[in-house]
Amino acid sequence: MPKSYVAFKWSVYALATLLLFALQSVVLNHVRALGVTPFIYPMLPALVAMYEGQEKGSIFALVLGIVCDLLFYGPFEGFFAIAFVILALLSAAVAKNLRSTGFLGGVFIAALALLLTGLMRVAVQALTGGPYIEIVAWTAAVEAAVSLPAVAAALPVYRAIHRKCAVDY
């Protein structure tokens with residue numbers, strides 16, 4: 001595959017991701033359900049890995065995780081980079097075994113990513129001896145539930161990029 005094609009394809013993915021970051025910042029940060037704001041970032045690397053596979057999806061996830069670690073507060077430094085790479089690997093593996101990577105497959109992968117990110121937060125809380133495990137678990141579950149509808153915005157964007165940039169060389 002020519003280097004210019006690869007650069008173009010991943011530039012389009014980066015631009016789409018920036019637009020989804022804007023959706024989070026401009027719209028979703030002002031939405032509250034049961035006291036929790038939607039948090040769509042964990043589903044983004046999972047959806048890209050669903051289409052691009054483990055290797056490319058993991059690289060995208062690592063870069064996105066580093067960006068999120070620089071922008072947001074996580075349970076520890078590097079949490080998002082580690083979590084997103086794990087999500088990308090799992091998502092690509094699950095997507096291989098799905099019959100369809102259409103809308104329902106994307107919803108399943110996004111839900112898996114959101115729930116696993118919440119479970120990782122709970123695990124960090126439990127391993128550090130934090131006293132708020134139940135609160136973190138409840139917040140993670142509600143956050144996953146209120147974030148999942150955003151897959152309707154993210155999935156078509158990434159799917160269109162994957163389809164338009166899929167060229168056989």
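Clustering ILVMFWY residues whenever any of their side-chain heavy atoms sit less than 4.5 angstrom apart, transitively, puts Trp10 in the very cluster that holds Phe8. Put simply, Val142 and Leu148 are part of two different groups of oily side chains (I, L, V, M, F, W, Y) that touch within less than 4.5 Å, one to the next. Criterion: ILVMFWY side-chain heavy atoms under 4.5 Å apart, direct or through other members. Under it, Leu112 and Leu89 are not part of a common hydrophobic cluster. Side-chain heavy atoms closer than 4.5 Å link hydrophobic residues (I, L, V, M, F, W, Y) into clusters, and following such links, even through other members, never connects Tyr41 to Leu115. In the hydrophobic clustering of this structure, Leu20 groups with Phe103; members are Ile, Leu, Val, Met, Phe, Trp, Tyr whose side-chain heavy atoms approach within less than 4.5 Å, directly or through other members.
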Could you list the donor-acceptor pairs under 3.5 angstrom formed between side-chain atoms of residues 21-32 and any protein atom two or more places apart in sequence or on another chain?
residue : atom : partner : partner atom : Å
Gln24   : OE1  : Ile40   : N            : 3.0
Gln24   : NE2  : Asn29   : OD1          : 2.8
Gln24   : NE2  : Pro38   : O            : 2.7
Ser25   : OG   : Phe21   : O            : 3.2
Arg32   : NH1  : Gly35   : O            : 3.3
Arg32   : NH1  : Thr37   : OG1          : 2.8

Only pairs under 3.5 Å count here: list side-chain donor-acceptor contacts from residues 60-86, not counting sequence neighbours, and write none if there are none.
residue : atom : partner : partner atom : Å
Asp69   : OD1  : Phe79   : N            : 3.4
Asp69   : OD1  : Phe80   : N            : 3.0
Asp69   : OD2  : Ala81   : N            : 3.0

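Taken to the nearest 0.5 Å, the CG atom of Leu114 stands 11.5 Å off from the CD1 atom of Ile109. Distance OG1/Thr139 to CD/Gln125: 10.0 Å, rounded to 0.5 Å.
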(request) Carefully, step by step, assess Leu116 and Leu119 under the rule side chain to side chain contact (heavy atoms under 4.5 Å, CB included). (result) CA-CA 5 Å; Leu116 287 176; Leu119 285 174; 4.2 Å; yes

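The two atoms that bring Ala145 and Pro149 nearest to each other are O-CD, 3.4 Å, heavy atoms only. The minimum heavy-atom distance between Pro42 and Ala113, with the atom names listed, is O-CB, 3.6 Å. Between Ala95 and Met50 the shortest heavy-atom distance is CB-CG, 3.5 Å.
Remark: the backbone N or O of Ala88 is not paired with any side-chain donor or acceptor of Ser58 at under 3.5 angstrom. Between the Ser147 side chain and the Ala144 main chain, no donor and acceptor come within less than 3.5 Å of each other.
Sequence neighbours left out, not one pair with a member in residues 108-118 passes side chain to side chain donor-acceptor pair (under 3.5 Å). The list of side chain to side chain donor-acceptor pair (under 3.5 Å) pairs with a residue in residues 102-113, not counting sequence neighbours, is empty. For residues 107-160, every residue pair satisfying the ring pair (Phe, Tyr, Trp, His ring centres under 6.0 Å) rule, not counting sequence neighbours, is listed here: Tyr13-Tyr158.
No side-chain heavy atom of Lys164 sits under 4.5 Å from any side-chain heavy atom of Val12. Between Ile133 and Val136, the closest side-chain pair of non-hydrogen atoms is not below 4.5 Å. Taking 4.5 Å as the limit, some side-chain heavy atom of Leu44 sits within range of a side-chain heavy atom of Thr17. In this structure, the side chains of Val151 and Leu47 come closer than 4.5 Å at one or more pairs of heavy atoms. No side-chain heavy atom of Glu52 sits under 4.5 Å from any side-chain heavy atom of Ile59.
Every residue was checked against the side-chain contact (heavy atoms from CB on, under 4.5 Å) condition with Leu18, not counting sequence neighbours, and none meets it.
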